[in-house]
Protein chains: 2
Amino acid sequence: MAATIKDIALRAGVSVSTVSRVISNHPRISPQTAKKVRAIMQELNYHPNLTAKSLVSKSTKTLGILLPKQADVLLLNPFFTEAMRGIVSYSTRAGYDLLMIGPPSNGEELEAVIRIVRGKRVDGILILHSRVNDPVIAYLQKDGFPHVLIGRSEEYPSTLTVDTDNVAAAYDATHCLIRQGHRKIGFVSGPPNLVVSRDRLEGYRKAIREAKLPERDEWIVEGDFLQESGFRAMSFLMGLPDRPTALLVTDDIITFGIVRGLTELGYRVPDDLSLFSFNNISLAELANPPISSVDIGIFQLGYTATHLLIADVEGRSVADRRQIIPHRLLIRGSSAPLNPRVKG
Amino acid sequence: MAATIKDIALRAGVSVSTVSRVISNHPRISPQTAKKVRAIMQELNYHPNLTAKSLVSKSTKTLGILLPKQADVLLLNPFFTEAMRGIVSYSTRAGYDLLMIGPPSNGEELEAVIRIVRGKRVDGILILHSRVNDPVIAYLQKDGFPHVLIGRSEEYPSTLTVDTDNVAAAYDATHCLIRQGHRKIGFVSGPPNLVVSRDRLEGYRKAIREAKLPERDEWIVEGDFLQESGFRAMSFLMGLPDRPTALLVTDDIITFGIVRGLTELGYRVPDDLSLFSFNNISLAELANPPISSVDIGIFQLGYTATHLLIADVEGRSVADRRQIIPHRLLIRGSSAPLNPRVKG
DNA sequence: CTGAAAGCGCTTACAG
DNA sequence: CTGAAAGCGCTTACAG
């Protein structure tokens with residue numbers, strides 16, 4: 001059996017209280033005692049039982065990452081990986097472990113969150129995507145359980161969040177296409193229940209309106225963050241009698257699907273259709289043509305979110321509860337000045 | 001305060017033992033009692049403290065995933081994500097949570113493993129990459145702690161493993177290039193301390209020898225699973241006075257780097273260099289040209305590994321402790337019959 | 001079928 | 001500076 005604090009105490013001829021204090025570097029322990037106890041800990045190869053520790057200290061030094069119901073879709077997207085990198089990077093540094101919270105086979109995310117939160121398995125929760133009217137956020141907010149959101153919450157302005165200014169980002173990208181001479185610009189959105197989808201749509205609309213360009217409902221298509229969605233959006237849009245010459249696309253993965261579909265149909269990018277998308281995943285630059293994309297600093301989003309959450313968990317006051325990570329446009333080959341041949 | 005088992009017992013007028021038995025569906029509890037207790041649990045919105053439960057039951061219903069020291073590199077690769085999808089898929093179904101084990105800032109992976117294992121935070125450990133002489137495996141093996149390896153262990157044949165037959169896979173892919181008329185075939189390997197790198201090198205060598213083709217040490221290059229490595233390998237190989245006409249590459253990500261470099265230098269794939277790689281990540285098919293790749297069933301590797309580990313953890317006997325997931329070649333545009341212009 | 005009691009391995013007032 | 005004791009929220013023989 002592995003040595004416990006009791007074994008150490010016995011062997012060292014002190015009480016378990018003393019051993020516990022040595023472990024936690026309590027200030028009022030004599031150097032000699034500490035030294036002796038530490039030597040025995042070494043000798044017996046002692047490692048504390050973290051479960052027992054958590055039970056009494058009410059702290060787990062663990063953060064939960066909520067996986068969405070369709071974990072598959074999220075996990076397929078480099079966004080997840082990149083955010084994870086940022087999260088792991090900070091949490092490791094801060095001495096926190098990470099627990100993935102997968103929703104039960106055919107249950108809701110909220111169930112899993114309740115089980116973990118009430119089960120005292122984590123000190124705080126990271127939410128990677130903000131949905132409109134998210135019951136998980138409502139629950140955590142009501143319960144007062146520490147959590148941070150990558151995204152934005154409309155209903156709970158006091159929620160700790162790290163986000164891109166998606167309205168501005170979409171506005172900027174759209175504006176870039178407008179400056180290139182495009183007048184018929186479409187928008188391929190993500191799932192409409194995500195806040196990010198709404199914000200980007202708003203930014204897109206704002207730019208179109210300001211430039212007094214035509215607004216056409218059929219130029220706005222919704223989908224998932226999957227290549228298939230891009231393929232479908234492309235099929236629909238290119239089949240329109242009056243079709244756009246440029247597209248703002250909400251995710252690079254969707255753009256890949258669009259490019260692929262266009263290529264299969266014999267169209268060319270950007271000659272037949274200019275594309276500008278979001279996320280700037282590493283393959284965007286390597287695609288053919290390279291994809292123009294808004295870099296939203298995904299690693300930074302994850303890193304900062306973790307930073308904020310841990311500060312909150314540890315009771316340090318967080319001055320700015322709604323942080324914005326700056327974005328930047330990377331203009332590449334997939335977007336180009338309007339091709340005169342196509343011009344309306 | 002959240003309700004505990006004690007509150008339920010008090011309110012229901014039974015002992016805590018009885019409540020505990022109701023929770024765990026103990027057979028010898030009267031239906032009436034069970035019903036009453038359950039009603040109160042509902043009423044008080046009771047959820048068990050999982051930490052307390054773990055402490056006494058000595059089971060956490062949690063699996064640990066070991067992140068390598070350079071978590072960055074692993075996380076950048078779609079291999080990780082895809083394996084995670086398989087892992088999450090099975091573990092969720094089986095009711096297990098997942099704890100990411102990140103190595104301490106500048107410490108070794110083994111430290112983190114010991115802390116988690118001895119700290120009783122998980123019931124078993126998943127290792128995503130097998131290194132030669134891996135101290136982590138040595139530790140877990142000696143300790144008798146349940147673990148499974150995606151890969152192969154040379155030192156501990158009794159380790160639970162799920163692997164590709166990498167020797168055969170590399171042999172098959174090399175042979176495919178040979179059949180296409182290539183006689184000068186190079187190999188771009190991953191880190192040499194990984195078992196997978198050695199196995200694939202062996203398969204490559206076997207095919208070359210059998211076909212009595214020239215073996216040249218400078219046609220074998222090592223690198224990391226990064227695009228930069230591909231770029232560097234490409235620079236080196238294309239600068240050789242006598243250079244290969246085809247390359248077997250150990251990872252799609254590396255291949256992307258190679259293709260990118262070749263394109264920048266004005267070379268064309270497959271005309272100037274045929275490429276065949278491993279993993280068949282989803283973007284391999286979409287690249288230009290589409291990348292020929294060995295599909296090793298990464299999702300399946302993760303799924304099966306989790307399945308085996310949980311069986312082991314729960315004491316069910318695992319008949320085949322070293323499982324092989326079949327691979328298949330996907331021959332696409334990046335590999336083509338030797339271009340006569342380049343020949344000899 | 002049910003309860004009293006001991007115990008899992010820790011931490012932390014309290015007292016000295 | 002150190003120890004005895006109580007307790008964190010559960011489970012599980014043991015006895016009835």
task: Sticking with atom C1', work out how far dT12(C) lies from dG16(C), rounded to a whole angstrom.
output: 16 Å
task: Just jot down the side chain to side chain donor-acceptor pair (under 3.5 Å) partners of S130(B), sequence neighbours excluded, or say none.
output: none
task: Whole angstrom is fine here: how far is it from CG in L55(B) over to P in dA6(C)?
output: 18 Å
query: How does DNA chain D look in dot-bracket notation if pairs are Watson-Crick or G-U with both distances under 3.5 Å, crossing ones as [ ], other-strand ones as |?
result: |||.||||||||.|||
- request: When you get a sec, tell me which of dT11(D), dT11(C), dG9(D) is the closest nucleotide to the side chain of K53(B)?
  value: dT11(D)
Enumerate the protein-to-nucleotides 12-16 of chain C contacts in which both atoms are nitrogen or oxygen and the separation is below 3.5 Å.
| from | atom 1 | to | atom 2 | distance (Å) |
| --- | --- | --- | --- | --- |
| dA13(C) | N6 | R21(A) | NH2 | 2.5 |

message: In this structure, how many angstroms lie between the C1' atom of dT2(C) and the NE2 atom of H26(B), rounded?
response: 10 Å
Within residues 37-56 of chain B or reaching into it, pairs that qualify as ring-ring contact (aromatic ring centres under 6.0 Å, His included) - sequence neighbours excluded: none
- request: Rounded off to whole Å, could you give me the NZ-to-P distance for the K58(A) and dC8(D) pair?
  value: 7 Å
- line: The residue, A52(B) or P27(B), whose nearest nucleotide of DNA chain C is more 5′ is P27(B)
query: For DNA chain C, which residues in residues 28-37 of chain B have a heavy atom at a distance below 4.0 Å?
result: R28(B), I29(B), S30(B), T33(B)
task: Take the protein atom NZ of K6(A) and the nucleotide atom C1' of dA5(D), then report the distance between them rounded to whole Å.
output: 14 Å
message: Could you check whether T62(A) and R121(B), counting side-chain N and O atoms only, form a donor-acceptor pair closer than 3.5 Å?
response: yes
message: Restricting to ring pair (Phe, Tyr, Trp, His ring centres under 6.0 Å), what partner residues turn up for Y90(A), sequence neighbours left out?
response: Y303(A), H307(A)
